[in-house]
Amino acid sequence: MDKDAAWERIAELRNIIGYHNKRYYQQDNPEISDIGYDRLLRELQELEKLFPDENIASSPTHRVGAAPLTKFAPLEHPSPMLSLANAFSTEEIIDFDSRIKKLTATDSLSYVAEPKLDGLAVNLLYENGRFIRGATRGDGLTGEDVTQNLKTISTLPLQINKNSSQPIPDFIEIRGEVYMEVASLQKLNRRRLDQGDEPFANPRNAAAGSLRQLDSKISARRPLNIFLYAIGNVHGAGFSSHWEVLQTLAAWGFPVNPLIQMITGIDMFLEYFAKMGDLRKSLPYEIDGVVLKVNNLALQTTLGSVSRNPRWAIACKFPATQETTIINDIIVQVGRTGSLTPVAIMEPVNVGGVTVSRATLHNEDEILKKDIRIGDTVVIQRAGDVIPEVVKVVLSKRTGNEKIFKMPAHCPECGSDVVREESEVAHRCINLSCPAQIKEHISHFASRGGLDIEGLGEKISAQLFDARLIYDPADLYYLTKERLLELDRHGEKSAQNLIDSLERSKKPPLNKFIYALGIRNVGEHIAKILARKFGSIEKLMAANFEELTAVYEIGPEIAASITQFFQEPKNKTVMEKFQKAGVMPQETAAIIKDSPLQGISFVFTGTMESMPRSEAKAIVENLGGSVHSGTTGKTTYVVAGREPGSKLDKARTSGITILGEEEFLKLINRQAL
Ligand code: IVH
């Protein structure tokens with residue numbers, strides 16, 4: 001084939017494959033078989049190898065199809081990713097403007113205003129115009145390398161367009177927000193519900209959950225979008241204003257929010273803020289406020305930043321959205337620990353862009369306190385990612401026909417007695433083998449906070465349990481494709497997908513595994529502490545009550561839950577089954593090695609500005625160090641805050657190294673976040 005014919009065919013194949021990608025990944029409606037698709041892709045790959053061209057970076061061969069990862073590699077940002085301080089009222093916005101004017105000694109400043117998207121911040125690295133890597137924000141200094149998944153976002157240019165007066169830089173960091181449109185989220189959630197997966201609570205969780213998929217093919221199926229709004233380090237191009245940055249990004253082919261605006265004077269901004277507040281409901285994506293940024297980049301540099309927030313920008317948040325609706329019913333859900341949770345079933349209502357039809361009512365006391373009845377008109381609110389809550393009853397709407405709710409005396413799932421311990425607010429089903437508890441337990445194991453097993457939501461867990469294929473989470477690893485195919489709703493492909501996701505979940509991070517076990521009182525935070533302290537599941541299983549309570553933040557109640565859990569014969573069997581199936585939680589060696597303060601002992605004196613002493617203690621201990629109340633021969637550092645006491649004098653006389661707060665923060669590596 002000659003060059004021209006090859007390039008023609010390459011262009012044609014790229015178009016055809018692009019079309020099929022859309023049908024398969026985004027519309028869930030493929031037109032050709034997997035084999036047919038692979039054939040086209042292979043043909044393109046071979047032609048591209050023989051006839052490389054400059055657009056190769058944006059070819060479908062570079063967008064999807066990489067092998068799934070086992071974990072995300074950490075990626076350090078060339079320059080730190082900052083966050084934003086918030087303003088919650090007009091006064092705070094005006095204060096910001098006055099502060100900037102004072103600090104810069106100017107009265108005529110220009111700003112840029114931008115909608116604040118509720119998504120996930122990412123940093124993209126381009127070299128000589130080519131997208132090479134991208135990461136999530138992480139802790140601001142290091143994020144997770146999600147390059148493969150970012151490449152699946154069809155609006156993200158893999159190659160910068162030359163179409164601007166600015167030269168293409170040798171190197172540039174471009175920052176923005178990955179988000180999911182509200183309609184896409186609703187569609188995705190309907191699909192998830194159909195498949196028995198847990199729906200995402202909001203677009204941000206959906207974007208984060210979709211971008212942080214180890215298998216980029218799953219990311220590709222999620223309709224993600226991106227808006228770019230900032231740059232970090234850049235070599236080989238220069239900008240003098242933020243507005244110029246945004247215009248250049250747009251000219252280079254990056255999606256830039258069309259609602260950005262140049263602002264002169266704070267009154268103009270307040271108008272913009274109000275306008276966005278009105279527009280918000282009709283936008284296809286969720287915004288939770290507006291960002292105001294100083295336009296002049298030299299001024300931005302002069303203003304600098306305080307801790308992790310730049311002084312030159314502020315996020316002006318919209319007030320939490322409230323709506324009224326009617327409670328049609330109150331149902332009771334049985335959780336994995338047997339606790340009964342009342343849930344309000346409401347007339348569906350749109351709260352700040354998300355349709356809400358359920359709200360947890362927590363427990364009976366909460367219902368009594370707020371005097372919530374079936375049939376009541378209520379005010380509900382959703383702030384940020386918070387699950388909707390009932391704020392109050394609109395008493396003026398009471399008709400007298402409302403029904404008072406009573407907790408059932410018997411479990412709605414298995415009919416066993418329901419009890420309420422004196423010390424507890426929750427009612428519980430006493431039957432340890434209550435099917436609802438077991439099903440919940442299994443879907444908790446597979447949930448996003450746990451082993452994140454795609455395709456194994458509540459419905460499928462329940463189906464597998466009802467078909468007597470599984471009784472506990474370890475049984476999942478003994479499922480076979482053949483057994484799955486005998487069940488309704490499982491085709492060849494979905495059965496294989498489930499087996500594949502299970503296989504991929506066999507080496508989970510230790511903290512996720514501990515959380516997934518569903519030990520009472522052990523949430524994600526405690527699971528992390530346990531993983532860090534004990535390093536392996538065997539060591540955690542062998543830990544006794546005293547060893548557990550010696551760990552900071554682990555009180556007697558949590559310690560008792562853990563020892564009871566591992567002593568329970570049923571659980572012992574489950575743990576053995578995990579081991580036999582080859583489920584090997586990854587030892588947290590990296591974290592242990594990453595205990596930079598191992599063997600270092602601290603004494604604190606005086607008050608710290610940046611955090612309470614309890615937090616400093618927790619951080620030191622999490623990094624492997626220890627904290628004592630008085631100095632001894634073994635004390636490594638005395639950390640002196642404001643108004644230090646006699647411990648400081650003692651440190652001086654005995655030659656112990658004294659650290660100021662800044663030095664301490666540096667030591668624990670938090671100063672620049
Ligand atoms: S600028 C140093 N602009 O809000 C400035 N951030 O609360 C860094 N965000 O981490 C961010 N829309 O994830 C900026 N137009 C916008 C934004 C935006 C959303 C997010 C971003 C950031 C967070 C801070």
Side-chain angles (χ1 to χ4, degrees), residues 77-88 92-93 96 100 111-124 134-144 146 150 173-181 202-208 211-212 224-234 239 241-243 245-247 249-250 254-263 269 272-273 276-277 279-280 283-297 299-318 352-353 383-385 672-673:
H77 306 308
S79 66
M81 284 181 82
L82 301 173
S83 187
L84 293 170
N86 291 319
F88 293 102
E92 285 177 11
I93 298 174
F96 167 80
I100 299 281
Y111 292 107
V112 176
E114 306 168 7
K116 184 173 183 302
L117 261 84
D118 201 12
L120 188 75
V122 291
N123 194 25
L124 315 170
T136 58
R137 179 175 182 280
D139 64 3
L141 298 179
T142 308
E144 286 177 322
V146 286
L150 285 165
E173 285 178 86
I174 303 180
R175 281 149 190 195
E177 201 83 354
V178 171
Y179 67 96
M180 190 179 284
E181 291 193 347
N202 56 49
R204 174 148 54 96
N205 286 357
L211 195 65
R212 298 183 65 264
L224 291 174
N225 270 309
I226 190 165
F227 275 134
L228 289 307
Y229 49 63
I231 56 172
N233 282 353
V234 48
F239 299 94
S241 73
H242 181 60
W243 187 254
V245 168
L246 296 178
Q247 297 307 319
L249 289 176
F254 291 92
V256 172
N257 195 308
L259 298 169
I260 55 169
Q261 194 174 312
M262 279 285 294
I263 300 284
F269 175 69
Y272 176 88
F273 184 58
M276 289 300 133
L279 206 62
R280 184 181 181 196
L283 291 176
Y285 44 81
E286 247 200 278
I287 61 173
D288 59 352
V290 166
V291 186
L292 182 60
K293 300 176 180 173
V294 168
N295 187 30
N296 185 314
L297 295 185
L299 274 187
Q300 284 192 2
T301 313
T302 320
L303 286 162
S305 51
V306 242
S307 77
R308 63 186 78 187
N309 302 328
R311 280 205 192 83
W312 46 264
I314 194 154
C316 309
K317 292 292 200 64
F318 296 132
D385 58 349
L673 294 193

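Counting starts at 1 for both ligands and their atoms, in listed order.
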J.: Return the minimal non-hydrogen interatomic distance between L150 and A135, and the atom names on each side.
T.: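 Nearest heavy atoms, L150 then A135: CD1-N, 4.2 Å.
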J.: To which protein heavy atom is atom 15 (N) of ligand 1 closest, and what is the distance rounded to 0.1 Å?
T.: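 Protein heavy atom with the smallest distance to atom 15 (N) of ligand 1: E114 OE1, 2.7 Å.
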J.: Answer yes if the side chains of H242 and Q247 hold a donor-acceptor pair under 3.5 Å, and no otherwise.
T.: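 Looking only at side-chain atoms, Q247 and H242 do not form any donor-acceptor pair under 3.5 Å.
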J.: Any N or O of A315 that comes nearer than 3.5 Å to an N or O of ligand 1?
T.: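 There is no such contact.
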J.: Would you check if the side chain of T136 reaches a backbone N or O of E144 as a donor-acceptor pair within less than 3.5 Å?
T.: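 Yes; judged by distance alone, with no hydrogens or angles, the pair exists.
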J.: Would you call K116 and E114 a salt bridge, taking side-chain N to carboxylate O under 4.0 Å as the test?
T.: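 Salt bridge flag = no for E114 with K116.
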J.: Return the closest protein heavy atom for atom 5 (C) of ligand 1 as residue, atom name and distance.
T.: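 For this ligand atom, the closest protein heavy atom is L84 CD2, 3.7 Å.
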J.: May I ask whether K293 places a heavy atom under 4.0 Å from ligand 1?
T.: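 Checking ligand 1 against K293, which is what was asked, there is a heavy-atom contact under 4.0 Å.
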J.: Give a yes-or-no answer on whether the side chains of N296 and Y111 include a donor-acceptor pair shorter than 3.5 Å.
T.: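 There is no such pair (donor and acceptor under 3.5 Å, judged by atom type) between the side chains of N296 and Y111.
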J.: Nearest protein heavy atom to atom 13 (O) of ligand 1, by residue and atom, and its distance?
T.: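 The closest heavy atom on the protein side is E177 OE1, 2.7 Å.
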J.: Is there a heavy atom in P115 that sits closer than 4.0 Å to ligand 1?
T.: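 Judged by the 4.0 Å heavy-atom criterion, P115 does count as contacting ligand 1.
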J.: Among all protein heavy atoms in this structure, tell me which lies nearest to atom 7 (O) of ligand 1, with the distance rounded to 0.1 Å.
T.: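 Looking at atom 7 (O) of ligand 1, the protein heavy atom closest to it is K116 CE, 3.3 Å.
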J.: Could you go step by step and tell me if F227 and Y179 meet the ring-ring contact (aromatic ring centres under 6.0 Å, His included) rule?
T.: CA-CA 8 Å; F227 275 134; Y179 67 96; 5.1 Å; yes
J.: Heavy-atom contacts under 4.0 Å between A230 and ligand 1: side chain, backbone, both, or neither?
T.: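 None of A230 does.
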J.: Could you check whether any side-chain N or O of E177 sits under 3.5 Å from a backbone N or O of L228, counting only pairs where one atom can act as donor and the other as acceptor?
T.: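 Side chain of E177 to backbone of L228, a donor-acceptor pair under 3.5 Å: no, none is there.
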J.: Please list the nearest protein heavy atom to atom 17 (C) of ligand 1 with its residue and the distance rounded to 0.1 Å.
T.: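 Result for atom 17 (C) of ligand 1: Y229 CE2, 3.4 Å.
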J.: Return the closest protein heavy atom for atom 8 (C) of ligand 1 as residue, atom name and distance.
T.: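 I find the closest protein heavy atom is L82 O, 3.7 Å.
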J.: Has the side chain of N86 got a donor or acceptor atom that lies under 3.5 Å from a matching backbone atom of K317?
T.: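 Judged by distance alone, no pair lies under 3.5 Å.
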J.: Which residue supplies the protein heavy atom nearest to atom 2 (C) of ligand 1, what is that atom called, and how far is it?
T.: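 Of every protein heavy atom, P310 CG, 3.5 Å lies nearest to atom 2 (C) of ligand 1.
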J.: How far is atom 12 (N) of ligand 1 from its nearest protein heavy atom, and which residue and atom is that?
T.: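 So the nearest neighbour among protein heavy atoms is L117 N, 3.2 Å.
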J.: Under a 3.5 Å distance rule, please check whether R311 uses its side chain to pair with a backbone N or O of L303 as donor and acceptor.
T.: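 Yes; at least one donor-acceptor contact below 3.5 Å.
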J.: Would you check whether S83 reaches within less than 4.0 Å of ligand 1, judged by its heavy atoms?
T.: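 Within the 4.0 Å threshold, so yes.
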